[in-house]
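Structure record follows, encoded as structure tokens.
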Amino acid sequence: CSYRVKLHYSFYTVRVHQIADLRRLCTRLENIDAHHAFFLLKNSFSLPKLLYTLRTSPCFKHQDLLAEYDETLYSGLEKLCNIKLDSTARIQASLPARMSGLGLGSAVRLAVSGYLASVTSCNTLCRGILGYDFVDPLKEEAMTLWREMSGQECAPRDAFPQKSWTTPVNQRLYDQLISESDEQNK
């Protein structure tokens, strides 16, 4: 069995377990006050728990599992708040508060941004250790996906913080939501 097959299998296994854990947590959160449950879901149990993995492995290559994670997260939110979220409401809920969202985030969108921020920030360290620029073979694939998601052609100037990669993606979604709402109000 090759290294890549083992890596893919272990990644898949970990993701499936994380999705099952999130489902179990969402079920348990239904037993406490909705405000407290939302706070815990947003700040402890959803993406903060997943962010390390998103930054340190090529999770962006597994869009199906990330989409399932997002679906589980938003289904849990629907149960906690006793509401039905359409696709527009889910997008808005995923945006940060400064963009009129709930700040829940999206594993699908954060995976590529987190990976690129991590690879970029590690490049200086790798250069110091190896004596040459280390080229991550997956960086170009991640950059292509990020360009599609953000609508940007170039990497951010300050490419070290993850926020530099995430903001253009969120801004594009925010602009689309505003544009759609303006069209509906006409």
Side-chain angles (χ1 to χ4, degrees), residues 7-8 11-12 14-15 18-19 22 41-43 45-75 77 85-127 133-185:
L7 183 64
H8 175 75
F11 174 83
Y12 186 82
V14 168
R15 270 324 123 267
Q18 285 179 327
I19 291 167
L22 182 61
L41 181 67
K42 177 182 177 258
N43 295 307
F45 300 138
S46 62
L47 292 174
K49 198 168 184 160
L50 186 65
L51 200 54
Y52 175 79
T53 307
L54 294 178
R55 287 182 58 92
T56 57
S57 64
C59 297
F60 66 89
K61 294 178 65 78
H62 302 277
Q63 295 288 309
D64 55 335
L65 288 173
L66 297 172
E68 187 177 349
Y69 191 90
D70 284 348
E71 176 60 33
T72 303
L73 176 65
Y74 290 103
S75 294
L77 177 65
L85 298 171
D86 62 9
S87 60
T88 302
R90 285 181 179 211
I91 291 170
Q92 186 173 2
S94 74
L95 292 173
R98 70 179 179 283
M99 293 181 178
S100 305
L102 293 178
L104 281 175
S106 164
V108 171
R109 291 197 313 270
L110 285 175
V112 70
S113 300
Y115 185 76
L116 286 169
S118 180
V119 166
T120 305
S121 66
C122 290
N123 195 32
T124 306
L125 179 62
C126 289
R127 186 180 320 120
D133 280 342
F134 174 75
V135 179
D136 186 325
L138 297 173
K139 184 177 181 181
E140 193 52 45
E141 185 178 346
M143 280 297 298
T144 301
L145 182 57
W146 180 80
R147 285 184 194 109
E148 291 172 12
M149 294 169 75
S150 68
Q152 305 284 315
E153 288 301 316
C154 300
R157 286 187 182 166
D158 184 15
F160 293 118
Q162 184 172 337
K163 185 177 179 180
S164 298
W165 294 95
T166 306
T167 299
V169 175
N170 287 335
Q171 188 64 50
R172 185 174 191 195
L173 287 170
Y174 176 78
D175 293 343
Q176 287 174 351
L177 289 176
I178 295 297
S179 174
E180 290 172 8
S181 70
D182 286 345
E183 289 175 15
Q184 290 177 356
N185 290 333

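What's counted below: heavy atoms across the whole structure, side chains too, no hydrogens, waters or symmetry copies. Predicted, not measured: the structure shown is a model, and the values here were computed from it.
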Spatial distance of atom OG (Ser57) from atom OH (Tyr52) [nearest 0.5 Å]: 9.0 Å

Please identify each residue that fulfils side-chain contact (heavy atoms from CB on, under 4.5 Å) with Pro161, with sequence neighbours left out. Asp158, Ser164

Could you list all the side chain to side chain donor-acceptor pair (under 3.5 Å) pairs where at least one residue sits in residues 87-102, not counting sequence neighbours? Glu71-Arg90, Glu78-Arg90, Ser94-Arg109, Arg98-Thr167

The side-chain contact (heavy atoms from CB on, under 4.5 Å) partners of Ala67 (sequence neighbours excluded) come to Val108

Where the side chain of Trp165 meets the backbone of Gly114, is there a donor-acceptor pair that is under 3.5 Å apart? no

For the CD1 atom of Ile19 and the CG atom of Leu66, what is their distance to the nearest 0.5 Å? 8.0 Å

With sequence neighbours excluded, tell me which residues meet side-chain contact (heavy atoms from CB on, under 4.5 Å) with Ser121. Arg55, Phe160

Mind listing the side-chain donor-acceptor pairs of residues 135-142 below 3.5 Å, one per line with the distance, residues two or more places apart or on another chain?
| residue | atom | partner | partner atom | Å |
| --- | --- | --- | --- | --- |
| Asp136 | OD1 | Tyr115 | OH | 3.2 |
| Asp136 | OD1 | Leu138 | N | 2.8 |
| Asp136 | OD2 | Tyr115 | OH | 2.5 |
| Glu140 | OE2 | Arg147 | NH1 | 3.2 |
| Glu141 | OE1 | Lys61 | NZ | 3.1 |
| Glu141 | OE2 | Lys61 | NZ | 3.2 |

Heavy-atom pair of closest approach, residues Ala93 and Tyr74: CB-CE2, 3.9 Å

Not counting sequence neighbours, which residues clear salt bridge (Lys or Arg N to Asp or Glu O under 4.0 Å) with Glu153? List them please. none

Who passes side chain to side chain donor-acceptor pair (under 3.5 Å) against Arg157, sequence neighbours left out? none

Within this structure, what is the CG-CG distance for the pair Asp70 and Leu47, rounded to the nearest 0.5 Å? 7.0 Å

Show me the side-chain donor-acceptor pairs of residues 168-175 shorter than 3.5 Å, one per line, residues at least two apart or across chains.
| residue | atom | partner | partner atom | Å |
| --- | --- | --- | --- | --- |
| Gln171 | NE2 | Asp175 | OD1 | 2.9 |
| Arg172 | NH1 | Glu148 | O | 2.5 |

Run the side chain to side chain contact (heavy atoms under 4.5 Å, CB included) test on Leu102 and Leu77 for me, step by step, so that the C-alpha distance in whole Å, both residues' side-chain angles and the decisive distance to 0.1 Å come before the verdict. CA-CA 11 Å; Leu102 293 178; Leu77 177 65; 4.3 Å; yes

Measuring from Lys163:NZ to Ser113:OG, what's the distance to the nearest 0.5 Å? 13.5 Å

Evaluate the side chain to side chain contact (heavy atoms under 4.5 Å, CB included) criterion for residues Leu177 and Met99: first the C-alpha distance (whole Å), next the side-chain angles of each, then the deciding distance (0.1 Å), finally the verdict. CA-CA 11 Å; Leu177 289 176; Met99 293 181 178; over 6 Å; no

State, to 0.1 Å, how close Ala107 and Leu50 come at their nearest heavy-atom pair, and which atoms those are. CB-CD2, 3.9 Å

Compare every heavy atom of Leu73 with every heavy atom of Leu104, then report the nearest pair and how far apart it is. O-CD2, 4.1 Å

Could you tell me whether the side chain of Trp146 and the main chain of Leu116 form a donor-acceptor pair under 3.5 Å? no

Heavy-atom check, side chain of Ile91 versus side chain of Gln176, under 4.5 Å: no

Who pairs with Thr166 by side chain to side chain donor-acceptor pair (under 3.5 Å), at least two apart in sequence or on another chain? none

